[in-house]
Amino acid sequence: MTTGGSAATREAITTALTDRRPAFRDQGLQSGGPPLVLYTSAEAHRSVDKAAANLGIGLANVRHIPVDEAFRMRTDVLSAAITADRDAGLEPFCVVATAGTTTSGSIDPVDAIADVCAREGLWLHVDGAYGALFVLAESARAAFAPLVLADSIALDPHKMLFAPVEAGALLVKDKAKLRAAFAFPASYLTVAEDDLMVDFMDYGPQLSRGFKALKVWAALRTFGVDAFRGTAQRCLDLAAHLATRIDAEPGLELMNPVTLTAVCVRVRGRTDAEHRELLARLNADGTALLGPAVLHGRAGIRACIANHRTTLADIDLLADRLSGFANS
Ligand SMILES: Cc1ncc(COP(=O)(O)O)c(C=O)c1O
């Protein structure tokens, strides 16, 4: 368990770095070899950049691969970028794919990206902080099947398991690699591991740790996994309903294919600046708390159904209000 998705991704990249350069622990990025390069998509969350910058990789060595019309990483461009970097004497080491991008909910083609990573010998991390827990919903399950191919996955129980912050999680396929990055034995740290005792100080950056798993475990025990399955499915269905309402309103433009629960909308004929004003009005009058979106360089308004109390009536109210903007 981590403090959140950002921390999970940073820990995954730390593990990937250590796996690639065993001397990383002793000599850091001064350990020799060509500059390391990390690949992610133009729609990836900024926490990927933040981790790469904080770990000393440098944003100049992060490639933001363009996306297709449905906002998914373009695997052909990824392959070409890796080749170009190798030809330039650099060392590709990691791809961060996203299963549920923040703005549009798009899911990168993880299976095709995994093929590239296998061929090129790169670590594959999947940022599933927003999206991956929709695997609980029947209608979305298949979309997440390729995630088994990843070396590591970031999850956020404080999003779609509705746990109070902070509750992030990192799954790493090879426990020994996580340990190689984070175990720092000392004479005063004397806990011996056995089958029951996993000392999490050896699997992450924290020594003293809050009991983050308790709130997740308690909620699952209290409500049962089916309650979370049902809620995830309901949120998806509400997002689909909002998309249908937007599509039915000629004055509104749906900006993204609605894969998960992020729904981005533009009011036809309004400028980017006017969208910022509309958003401020919507939030100020208390109809709903929406956010800004920029997709393919155009500004819009983003709804994300992420609350287990949201109802169909709430969505209809929001759709009515958006229609009101379109017709005023
Ligand atoms: C795709 C994605 N990754 C990472 C994050 C960051 O998660 P956290 O706030 O838990 O660090 C978010 C948050 O919205 C996200 O949507």
Side-chain angles (χ1 to χ4, degrees), residues 1-16 38-55 59 62 64-65 67 70-73 94-110 113 124-136 140 143-144 146-147 150-172 204-206 209-210 212-213 215-216 219 232 235-236 239 256-264 289-295 300-307:
M1 300 292 297
T2 66
T3 50
S6 306
T9 288
R10 191 182 60 240
E11 290 171 32
I13 297 173
T14 308
T15 309
L38 181 144
Y39 303 80
T40 194
S41 93
E43 286 295 319
H45 192 268
R46 206 72 215 286
S47 55
V48 180
D49 286 346
K50 188 172 182 174
N54 289 172
L55 285 167
L59 291 181
V62 177
H64 297 100
I65 303 298
V67 292
F71 309 104
R72 297 167 302 203
M73 191 194 296
C94 178
V95 178
V96 179
T98 310
T101 56
T102 309
T103 304
S104 74
S106 61
I107 300 173
D108 285 338
V110 174
I113 294 171
L124 173 57
H125 175 64
V126 176
D127 178 0
Y130 159 48
L133 283 167
F134 282 106
V135 71
L136 287 166
F144 296 99
L147 270 64
D151 293 294
S152 54
I153 304 173
L155 299 174
D156 251 352
H158 67 208
K159 293 192 172 70
M160 286 317 296
L161 291 184
F162 313 103
V165 289
E166 301 163 353
L170 174 63
L171 309 181
V172 176
Q206 285 182 278
R209 295 166 53 90
K212 299 180 198 71
K215 55 199 173 190
V216 179
C235 290
L236 290 171
N256 64 310
V258 176
T259 315
L260 298 175
T261 55
V263 182
C264 299
L289 183 63
L290 272 59
V294 177
L295 284 172
I301 295 175
R302 171 180 175 271
C304 189
I305 322 299
N307 191 311

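Atoms within each ligand, like the ligands themselves, are counted from 1 in listed order. Just so we're clear, the structure is a prediction, and the values are computed from it rather than from any experiment.
For Ala99, the side-chain contact (heavy atoms from CB on, under 4.5 Å) partners at least two apart in sequence or on another chain are Ile107, Val126, Phe144, Leu147. Every side chain to side chain donor-acceptor pair (under 3.5 Å) that Asp49 has, sequence neighbours left out, goes to Arg46, His64. Residues passing the side chain to side chain donor-acceptor pair (under 3.5 Å) test with Thr98: none are found, sequence neighbours excluded.
Protein residues are said to neighbour a ligand when one of their heavy atoms lies under 4.0 Å from it; for ligand 1 these are Gly4, Gly5, Ser6, His45, Ser47, Gly100, Thr102, Asp127, Ala129, Tyr130, Asp156, His158, Lys159.
Not one N or O on the side chain of Lys50 forms a donor-acceptor pair closer than 3.5 Å with the backbone of Ser6.
Within the 4.5 Å cutoff, the side chain of His125 has no heavy atoms near those of the Thr40 side chain. Counting only heavy atoms from C-beta outward, the side chains of Asn256 and Ser106 never approach each other to under 4.5 Å.
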